[in-house]
Amino acid sequence: MLRYVFVALRFCCPEKIMKLKIGAPVSGKNFFPRPDIIFRLRKALGRDHVSFLAPRRTGKTSVLIHLEESSAEDHPHFRINLETCTTPAEMVTALLKAVGKEGSRWSKVTTGIWKKVSASMEAIEAISIAGTKVTFQKGSKDWQKPADALLHQLLKHDGPITFLLDEFPILVDAIAKSDRDECESMLRWFREWRQRTSDTQIRFLVTGSIGLANVVRRHGFSDTVNDFDSVELPPLQPEDARQFILSLAEGNGLTLSEKHAAQILDLVGNAYPYFLQIFLAEIDNACPPEEGQDRPITSELIRRIYRERIITGPRNKYLPHMWERLEKSMLEEEVVLARAILRAIAKQEKGLSREQLTSAAREALPEEIGLNDDALQQVLEILKHDAYLLQNTDPPYHFSFFSNLLHDYWKRRHA
C-alpha cells in the first residue's frame, strides 16, 4: 500500500480543520481565509458603495457571510438575499426587516433606529406594522414613503451600518421584465440613497450571480449604477489553492501529496474553492476507507475522476448552468455570436485572436445581416465579465476559456 507524506499547512490547526460542503455557502471553520479580498472590500466600503464582481460558484456569498460574522459589535452588517424579491416593495421590506430584527447581535445599535422608523410609518396607509413585521398592501406601489422613513433615520445615525445585498441584479431584471417604469423608479431612488449617504458611514454592497452592468444595459438603465466602486473576486493564488486542497483532504481523511494537489490545480485551471471542493468530494467517493489502511490515490485516478466525474458527472451543476445561462443573460442576437465564439475557442488549446473570433462570429450570422463591431465587442465584454473567457494581457491578446473545466466541457459538447 502506497503512503504519501502530508505537509504542514499554513492554515491547518485543530480548530481550522475544514469539512467538505458542496453547493451551500461556507462559514466559520469551513471558510478558507481570504484576507486579501476581505481587506480590499473593507477598504473600498470605507470610501464608497461597492459593486462586488463575482461570477457564479466563485464563493461571493461565503465572503459576504464572513464580512457579516467578523464585523464589530458596533458595526451592523445586514446580509440580505434579494433573489426571491420581485418588486421594490419586497426589497424595501427586506431592508426594514433586517434593521428591525429582534435579538440580533446589533440590537443595541438598531433598536433606536427601528423604533423611530416604525413610528414614522404608522401613518402610511399602504403598510401595516406588527412588532418588526412590515406588510405592504397587495399590489401597493407606495414603497417610497417607508423607504424614505428608513433613509431619514439612517442619515441621523452617527455610526457605521453596511447593507450586503446579494442577488441584486436578479431583482433588477425581474422588476424590469414586469414593470420597466417601476424598475427605473427604484434604481433612481436607490441611486439617490447612495448619493445622500456618501458622506456618512452608511454603505451598500451589491453583488449577484449575473452581471449588474449587463442587466441595466439591456434594460436601458446604465446611468443608474455608474457610481459604484468595483471590487473583483479573483481565484485563489496557487499557494493558497494548494493549502486549501491539502487542508480539505486532511479534514476529510484523505492523504494527498503535494504532487497530487498540483495535478488537481493543473487540471482545473482557475482555482475557485467550489471546483476544488467537488474534485475532493469525487476523490473521497472513489476511495472508500479501509480499516487500518491508507486510502490509495494515484495520478491516474485523479485524471480519470476529472474526465469521468468532474466534466461529465452529475455533481458539477456549474457546467450545465453555464451552457444554459447564455439565453438568460443575453439578447437573442447576442447569444448567436456568443455560441459561435465559444464553439471556435473550444476547438483551440491556445485560444484565438480578436481577428479569428471576428471571423468565427461573422460566419455564424446570415450573410444579409452582417457583423456589427459594437455588438461583437459587447458580447466579448459579457463573456469576460460572466467568467466564460479570459483575455491574455500580453500580445497578441488571445482569448481563451476562463477555466480548463469550462473549455473541456464546451469541447465535449461541440468539438
Side-chain angles (χ1 to χ4, degrees), residues 4 6-12 16-38 54-66 209 232-287 295 297-322 387-388 390 401-409:
Y4 297 99
F6 199 91
V7 297
L9 300 178
R10 176 160 46 126
F11 297 113
C12 187
K16 282 298 294 180
I17 295 299
M18 299 168 63
K19 295 295 183 181
L20 278 167
K21 289 187 70 175
I22 306 297
V26 296
S27 60
K29 295 178 181 179
N30 293 317
F31 179 74
F32 188 76
R34 305 286 312 262
D36 53 343
I37 188 64
I38 298 300
R56 178 177 168 81
R57 295 297 189 186
T58 54
K60 63 184 182 306
T61 301
S62 296
V63 170
L64 297 190
I65 292 173
H66 182 74
S209 55
E232 295 184 345
L233 177 59
L236 294 172
Q237 292 297 311
E239 174 60 18
D240 287 341
R242 184 183 65 83
Q243 298 285 3
F244 179 79
I245 292 171
L246 295 174
S247 185
L248 270 182
E250 184 190 40
N252 292 273
L254 291 167
T255 307
L256 279 181
S257 69
E258 292 205 30
K259 174 185 175 182
H260 292 148
Q263 182 184 10
I264 290 170
L265 290 175
D266 186 56
L267 287 169
V268 169
N270 273 352
Y272 283 102
Y274 170 75
F275 307 122
L276 305 179
Q277 286 170 318
I278 61 173
F279 214 130
L280 266 292
E282 293 294 354
I283 294 175
D284 190 38
N285 289 347
C287 300
R295 302 164 72 178
I297 300 171
T298 66
S299 294
E300 177 51 37
L301 173 66
I302 291 174
R303 284 192 294 271
R304 180 166 59 80
I305 287 173
Y306 178 77
R307 292 193 308 267
E308 299 176 7
R309 303 300 300 172
I310 305 301
I311 299 299
T312 63
R315 174 173 267 131
N316 193 348
K317 302 295 192 300
Y318 159 81
L319 294 173
H321 167 80
M322 293 295 281
Y388 287 89
L390 286 175
F401 271 92
F402 180 78
S403 71
N404 296 342
L405 283 169
L406 204 56
H407 179 264
D408 290 342
Y409 182 81

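Predicted model, so just to flag it, every value in this text is computed and none were measured. FYI, the numbering just counts along the sequence from 1.
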Should Leu248 and Ile245 count as side-chain neighbours, where that means a heavy-atom distance under 4.5 Å?
no
List the steps and the verdict of side-chain contact (heavy atoms from CB on, under 4.5 Å) for Leu280 and Asn252.
CA-CA 9 Å; Leu280 266 292; Asn252 292 273; over 6 Å; no
Contacts of Asn404 meeting side chain to side chain donor-acceptor pair (under 3.5 Å) (sequence neighbours excluded), chain-then-number -> none
Run the ring pair (Phe, Tyr, Trp, His ring centres under 6.0 Å) test against Phe244 and tell me which residues pass, sequence neighbours left out.
Phe32
Mind checking whether Asp240 and Asp36 have side chains closer than 4.5 Å, heavy atoms only?
no
With sequence neighbours excluded, tell me which residues meet ring pair (Phe, Tyr, Trp, His ring centres under 6.0 Å) with Phe402.
Tyr272
Taking all non-hydrogen atoms of both residues into account, name the closest pair between Arg303 and Leu267 and its distance.
CA-CD1, 4.4 Å
Which heavy-atom pair separates Phe401 from His407 by the least distance, and what is that distance?
CD1-CD2, 3.3 Å
For a 4.5 angstrom cut-off between non-hydrogen side-chain atoms, does Ile297 reach Thr255?
no
State, to 0.1 Å, how close Ser299 and Gln263 come at their nearest heavy-atom pair, and which atoms those are.
O-NE2, 3.0 Å
Applying side-chain contact (heavy atoms from CB on, under 4.5 Å), can you list everything that pairs with Ala241, at least two apart in sequence or on another chain?
Leu236, Leu265, Ala271, Leu276
Should Thr58 and Pro273 count as side-chain neighbours, where that means a heavy-atom distance under 4.5 Å?
no
Taking only residues two or more places apart in sequence, or in another chain, which ones meet Tyr306 in a side chain to side chain donor-acceptor pair (under 3.5 Å)?
Asp408
Holding to side-chain contact (heavy atoms from CB on, under 4.5 Å), I want the full list of residues that pass it with Ser27, two or more places apart in sequence or in another chain.
Ile65, Glu69
Once rounded to the nearest 0.5 Å, what's the spacing between atom CG of Leu254 and atom CD1 of Ile283?
7.0 Å
Run the side-chain contact (heavy atoms from CB on, under 4.5 Å) test against Glu308 and tell me which residues pass, sequence neighbours left out.
Arg304
Suppose we screen for side-chain contact (heavy atoms from CB on, under 4.5 Å). Which residues come up paired with Pro238, at least two apart in sequence or across chains?
none
Can you name the residues that form a side chain to side chain donor-acceptor pair (under 3.5 Å) with Ser403, not counting sequence neighbours?
none
Starting from the C-alpha separation in whole Å, work towards a yes-or-no answer on side-chain contact (heavy atoms from CB on, under 4.5 Å) for Ile311 and Leu405.
CA-CA 7 Å; Ile311 299 299; Leu405 283 169; 3.8 Å; yes
Shortest non-hydrogen contact from Gln277 toward Val26:
NE2-CG1, 4.0 Å
Quick one, Glu282 with Arg307, criterion salt bridge (Lys or Arg N to Asp or Glu O under 4.0 Å). Give me CA distance, side-chain angles, the key distance, then yes/no.
CA-CA 11 Å; Glu282 293 294 354; Arg307 292 193 308 267; over 6 Å; no
Residues two or more places apart in sequence or in another chain: which of them pass ring pair (Phe, Tyr, Trp, His ring centres under 6.0 Å) with Tyr409?
none
side-chain contact (heavy atoms from CB on, under 4.5 Å) evaluation trace for Phe279 with Ile305:
CA-CA 8 Å; Phe279 214 130; Ile305 287 173; 3.9 Å; yes
Does Tyr318 reach the main-chain N or O of Phe275 with its side chain, forming a donor-acceptor pair under 3.5 Å?
no
Residues passing the salt bridge (Lys or Arg N to Asp or Glu O under 4.0 Å) test with Arg34, sequence neighbours excluded, are none
